Structure formats: structure tokens, C-alpha cells
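Working notes for the structure below.
Every value quoted in this text rests on a predicted model; they were computed, and no experiment measured them.
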2 protein chains.
Amino acid sequence: MTDIKNKSNESKNNFRAEALVEDIPDKIIRRLPHYYIQLKNMMQKDIEYVSSEQLAKIMGFSSSLIRRDLSHFGQFGKKSYGYDVNCLYENLQLILGFGYEKTMIILGAGFLGRALANNKSYSERGYVLKGIFDKDPAIIGLEFNDIKVMDVELAPDFISRLEIDVAALAVPAEEAQKTAEMLVRAGIKGIWDFTETPVEVPDDIILIEQNMNDGLCKISCKLAQKKQSSR
Amino acid sequence: MTDIKNKSNESKNNFRAEALVEDIPDKIIRRLPHYYIQLKNMMQKDIEYVSSEQLAKIMGFSSSLIRRDLSHFGQFGKKSYGYDVNCLYENLQLILGFGYEKTMIILGAGFLGRALANNKSYSERGYVLKGIFDKDPAIIGLEFNDIKVMDVELAPDFISRLEIDVAALAVPAEEAQKTAEMLVRAGIKGIWDFTETPVEVPDDIILIEQNMNDGLCKISCKLAQKKQSSR
DNA sequence: TAGATTGTTAATCGATTAACAATC
DNA sequence: TAGATTGTTAATCGATTAACAATC
């Protein structure tokens with residue numbers, strides 16, 4: 001039960017991201033990390049307060065949009081002062097779920113899988129890499145980022161035993177669907193999909209398509225437009 | 001089968017993608033490759049005509065949307081028959097610019113750069129990989145996908161001499177902006193950016209951010225929501 | 001107090017969907 | 001002809017922006 005009614009009492013409290021908000025529109029979710037990054041910068045510069053107008057200038061959004069986005073999660077601002085940088089940062093961290101540990105594995109230890117293994121950015125977001133899996137005997141046993149590649153046969157047990165949250169799917173397209181089904185059966189909660197085929201999973205599994213093909217197509221299309229208009 | 005049609009003289013020319021259309025909204029561009037893929041499948045199954053309704057079922061869009069999207073580029077359909085699969089495919093190829101050769105180089109031959117070098121999908125989209133560059137002497141000279149890694153110092157001359165269209169930017173974040181500026185000076189037309197910092201380029205340069213961080217943040221946010229709602 | 005800035009409501013803009021006349 | 005399906009116009013939906021009362 002979300003009793004949003006008794007807001008007046010708690011309204012002094014700074015820390016309370018009402019992120020209970022059932023469904024944050026994807027459009028908003030996409031902007032949140034960018035607010036987060038800006039606020040981090042400001043904290044490092046010891047800026048204590050920032051107005052929606054100032055943020056808007058830096059980020060290229062309208063100040064209305066920023067105020068509206070943030071109002072989805074509670075009332076973080078102080079009238080005539082703006083937003084408390086530190087407080088807003090902490091709340092965004094909560095909303096984005098960076099604050100608590102999420103476990104991750106990588107499926108497929110080709111070059112892409114290895115690139116992911118060496119990527120530092122997810123530890124900043126609260127992800128901890130727990131395992132890397134491949135089916136190629138020549139690759140099993142190699143070590144990347146201090147983690148030994150395991151046989152993919154061992155993955156289902158590994159996932160359910162360690163209650164792994166997220167799997168980065170970096171296997172060849174032919175194996176994408178099969179592997180995804182294995183992950184779902186084993187109890188994975190989210191799949192970060194780098195394959196080039198569309199993968200079908202049940203509705204309750206979080207699926208993020210990190211589709212590289214779309215980017216390539218977009219560039220190609222825009223080059224074609226350019227070529228035509230310059231003729 | 002509906003082969004009643006190979007009739008009408010070339011007076012009703014099939015090939016004419018009026019893609020002169022100045023600015024195709026990004027929302028539409030993103031859907032075009034998906035139409036393209038479906039049509040390719042249909043060609044392989046020797047399907048000659050497809051209605052917007054049939055396409056809609058397969059792709060999960062509304063038939064209205066499909067008709068509207070396609071109408072941006074000309075009138076490809078035949079009333080009461082639907083769309084000529086082959087004709088529509090060829091036109092989409094034209095609009096998406098897959099038909100003509102685009103040259104590409106890769107900047108940064110770490111694991112990510114190598115993954116890109118081995119990726120087959122861009123040759124299907126008309127891209128030809130012409131070079132790979134890195135600044136690390138230990139990497140220069142290695143070969144990936146039959147292409148030797150060159151010293152990044154040689155890149156500017158290489159780009160302008162061969163009139164390279166697109167550069168995949170897979171260098172460390174610290175070097176992203178500097179490298180992008182070099183690319184622009186050398187005359188690159190598009191940048192496919194895999195770095196994790198925002199890169200600034202002039203307006204006339206096509207910039208596609210293949211941002212992996214956003215995907216990670218989205219999963220994290222959705223996991224946090226799930227966690228909360230299950231409590 | 002006067003000025004600043006929020007949170008929110010109303011207006012606008014853009015994208016999707018529904019409806020339908022045209023026509024094969 | 002009767003049925004099917006387009007291309008396009010009108011209606012709806014959702015997201016962004018403008019405006020402003022509340023208030024620090």
C-alpha cells in the first residue's frame with residue numbers, strides 16, 4: 001500500500017526517495033544517470049545547492065523538464081534555494097539502485113566478453129563480476145580481470161546457488177536464444193544482451209538490448225541522406 | 001499465390017524511394033532496419049506480397065504505424081495487394097544506404113576494438129573495414145581480421161587520403177575527446193562512439209553514442225524497483 | 001520585504017492510432 | 001462486382017514546455 005497521503009509529517013526529512021513509484025517511464029529513467037553524473041561533478045567542486053535552471057544550462061534540457069522529472073520521486077528542492085546537491089545525489093543513487101550490490105556474470109569470453117570483463121564502469125554502478133563462462137575448451141581456464149573462465153555447463157548451478165542478478169550475454173547469435181532460456185530457468189533477474197538477434201524472455205525478466213546493429217544502421221542512413229542532399 | 005502481378009509496364013516504376021526527404025525523425029529511422037530484416041526473411045521464404053497488417057502482427061507494431069512510416073518515402077504499396085516484398089526491400093536498402101560502400105576504421109585495439117574488428121555484421125550493411133589504429137607499441141603490428149594494427153599517428157593522413165567515412169571510437173575515456181577532434185580535423189564523416197564520456201563534435205558530423213553505461217543504469221534502476229515492490 | 005525558485009497545473013507539441021475514402 | 005488494403009486525414013495519447021501560485 002502506498003500511502004502518499006501523510007506527506008506533511010515527513011516533509012522535513014531529506015532522504016526518502018519515494019521511488020515506490022510503480023512505473024517510471026523509460027524516457028525519465030534514461031535521464032536519471034545524467035543528472036547523477038552532473039551532481040557528482042558538483043559535489044567534487046563543493047557546490048552545495050543547484051537550481052533546476054543551472055542544471056538545465058549544463059545539460060541542455062529545459063528547467064521544467066528537470067523539475068518535473070525529479071518531482072516523480074518526491075520533493076527534493078528548497079524553494080528559492082534550489083536542490084541540495086548532496087541530498088539529491090544520494091536520492092538518485094537510491095532510485096538508480098547504485099547503492100546496493102548487484103551480482104553479474106558474463107556469458108561468452110570472446111573479445112566482447114573480455115572487453116566487458118575489463119570494464120571498470122560497472123563496479124561504479126554497484127555491480128560485482130562473479131563469473132565468466134564459455135563453451136570453448138580452449139578458452140575455459142583463461143583468466144580475465146582475475147576471474148577464470150568456467151565451462152558454460154556449470155552456469156545454471158552457479159547462477160541459482162549464488163543468486164546471480166544479471167547476465168551479460170556475449171555469445172554468438174546462433175546461441176543467443178538457447179542461452180537466454182538457460183539463464184531464465186536458472187533464475188537470472190536481468191539480461192544485458194549484446195547479441196544481434198532479438199531474444200525472447202518472459203515479461204518479468206529485465207531485458208536490455210545493447211544492440212550495436214541499430215547504431216550502424218543509423219549512421220548508414222544518415223550518410224545516405226547527406227550524400228543525397230549534397231547532390 | 002499472388003503472381004497475377006508481373007504485368008504493369010515500367011510506367012508504374014517500382015524503384016523510386018523519395019528519400020530526398022530532408023529529415024527523417026529518429027524514431028522512424030530506428031524502425032527501418034527492423035522492417036528490412038523482416039522483409040529479408042520473407043524474400044527467403046519466397047513471399048511476394050505482404051500487407052501492413054501481416055507485418056504488424058510479426059513485428060508488434062500497429063499496421064497504421066507501418067503504413068505511415070513507409071509513406072514518408074513514397075508510395076510503395078498496391079491497394080488490395082499490400083507491399084511488393086522485393087520492391088520494398090530494395091527501397092529500404094536505398095533509404096538505409098546499405099547499397100553503397102562505406103569505409104570504416106577502428107580507433108583503439110583493446111578487447112572492444114578487436115571485437116569490432118571480428119564483427120561480421122557491418123559487412124552486411126555495406127561497411128568495409130580499412131584500418132585499425134592504436135598507440136600502444138605492443139599492439140601495433142598485431143593482426144585482427146587480416147588487418148594489421150597501425151600507429152594512431154598515421155591515422156590523420158590515412159583518413160584524408162582514403163576519404164574514410166566512419167570511425168569506431170574504442171579508445172579509453174581519457175583520450176576520447178582528443179581522438180574525436182583528430183578524426184574531425186582529418187575529415188571523418190561519422191563517429192561510432194563506444195567511449196563512456198560524452199564527446200563533442202561539430203553539428204555536421206554524424207555522432208552515434210553506443211553508450212553501454214545507460215544500459216547498465218537501466219537494469220540497476222529496474223532491479224531496484226523490483227526489489228522495492230516485492231517488499 | 002523583495003527576489004528567487006520550487007512543485008504543479010495548463011498549454012503545446014509530436015508521435016501513434018483510428019477511421020475512412022480511394023481504388024486495385 | 002465485392003473484398004481487401006493502401007495512403008492520408010482526424011482523433012488520441014503521451015511527453016515536453018510554459019506559466020504561475022506557493023513559499024523560503
Side-chain angles (χ1 to χ4, degrees), chain A residues 4 7-8 10-14 16-18 21-32 34-35 39 47-85 87-88 91, chain B residues 1-9 11-12 14 16-18 21-32 34-35 39 47-85 87-88 91:
Chain A
I4 313 163
K7 47 167 67 170
S8 40
E10 291 278 304
S11 61
K12 286 279 145 65
N13 192 342
N14 274 335
R16 75 205 140 100
E18 295 167 2
V21 181
E22 286 304 275
D23 261 320
I24 312 170
D26 270 21
K27 280 271 176 71
I28 296 183
I29 291 185
R30 214 178 318 150
R31 285 189 292 264
L32 296 182
H34 299 274
Y35 297 139
L39 288 163
I47 297 171
E48 284 185 49
Y49 279 90
V50 65
S51 71
S52 57
E53 193 57 56
Q54 290 171 305
L55 264 175
K57 279 237 179 65
I58 298 170
M59 316 206 9
F61 305 154
S62 81
S63 65
S64 275
L65 184 61
I66 293 174
R67 290 199 301 280
R68 208 170 212 287
D69 278 355
L70 298 180
S71 74
H72 273 84
F73 309 106
Q75 308 195 352
F76 303 121
K78 279 207 176 64
K79 288 193 168 81
S80 98
Y81 282 90
Y83 298 89
D84 177 322
V85 172
C87 160
L88 188 50
N91 273 287
Chain B
M1 280 297 184
T2 42
D3 54 1
I4 319 139
K5 47 68 59 186
N6 53 345
K7 34 54 270 136
S8 54
N9 309 331
S11 57
K12 302 209 164 169
N14 275 334
R16 74 206 141 99
E18 296 163 3
V21 182
E22 287 303 276
D23 260 319
I24 313 170
D26 271 22
K27 280 272 177 70
I28 296 182
I29 291 185
R30 215 179 316 151
R31 286 190 292 265
L32 297 181
H34 299 274
Y35 297 139
L39 288 162
I47 297 170
E48 284 185 51
Y49 279 90
V50 65
S51 71
S52 57
E53 194 58 55
Q54 291 171 304
L55 264 175
K57 280 238 179 62
I58 297 170
M59 316 207 7
F61 306 153
S62 81
S63 65
S64 274
L65 184 62
I66 293 174
R67 291 199 299 281
R68 207 167 214 288
D69 278 355
L70 299 179
S71 74
H72 272 84
F73 310 105
Q75 309 194 351
F76 302 122
K78 279 210 175 63
K79 289 194 168 78
S80 99
Y81 282 90
Y83 297 89
D84 178 321
V85 172
C87 159
L88 188 49
N91 274 287

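In this structure, the side chains of B:Leu39 and B:Tyr83 stay at 4.5 Å or more apart for every pair of heavy atoms.
Not one side-chain nitrogen or oxygen of B:Ser52 sits closer than 4.0 Å to the OP1 or OP2 atom of D:dT5. OP1 or OP2 of C:dT8 sits under 4.0 Å from a side-chain N or O of A:Gln75.
A:Ser51 comes within 4.0 angstrom of sugar-phosphate atoms only, judged by non-hydrogen atoms across all strands, and of no base. Backbone-only engagement by B:Tyr83 is indicated by non-hydrogen atom pairs under 4.0 Å involving sugar-phosphate atoms exclusively.
For a distance-only test at 3.5 Å, the side chain of B:Arg68 qualifies as a donor-acceptor partner of the base of C:dT17.
Closest-nucleotide positions on DNA chain D for A:Arg31 and A:Tyr81 were compared, and the one nearer the 5' end corresponds to A:Arg31. Toward the 5′ end of DNA chain D lies the nearest nucleotide of B:Ser80, the other residue of the pair B:Ser80 and A:Asp69 mapping further downstream.
Checking D:dC24, D:dT5, C:dT17 against the side-chain heavy atoms of B:Ser62 singles out C:dT17 as nearest. Side-chain atoms of B:Leu65 lie closest to C:dT17 of the nucleotides C:dT6, C:dT17, D:dT17.
Between the CD atom of B:Glu53 and the P atom of C:dA19 there is a distance of 13 Å, rounded to whole Å. Nucleotide C:dA18 holds its P atom 13 Å from the CD1 atom of B:Ile66, rounded to whole Å.
Pairing for C:dA10 is with D:dT17, a Watson-Crick or G-U wobble pair whose two hydrogen-bonding atom distances lie under 3.5 Å.
Defined by atom type and a distance below 3.5 Å, a donor-acceptor pair is present between the side-chain atoms of A:Ser63 and A:Arg67.
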Could you walk me through whether B:Tyr49 and B:Tyr81 pass the ring-ring contact (aromatic ring centres under 6.0 Å, His included) test, one step at a time?
CA-CA 7 Å; B:Tyr49 279 90; B:Tyr81 282 90; 5.6 Å; yes
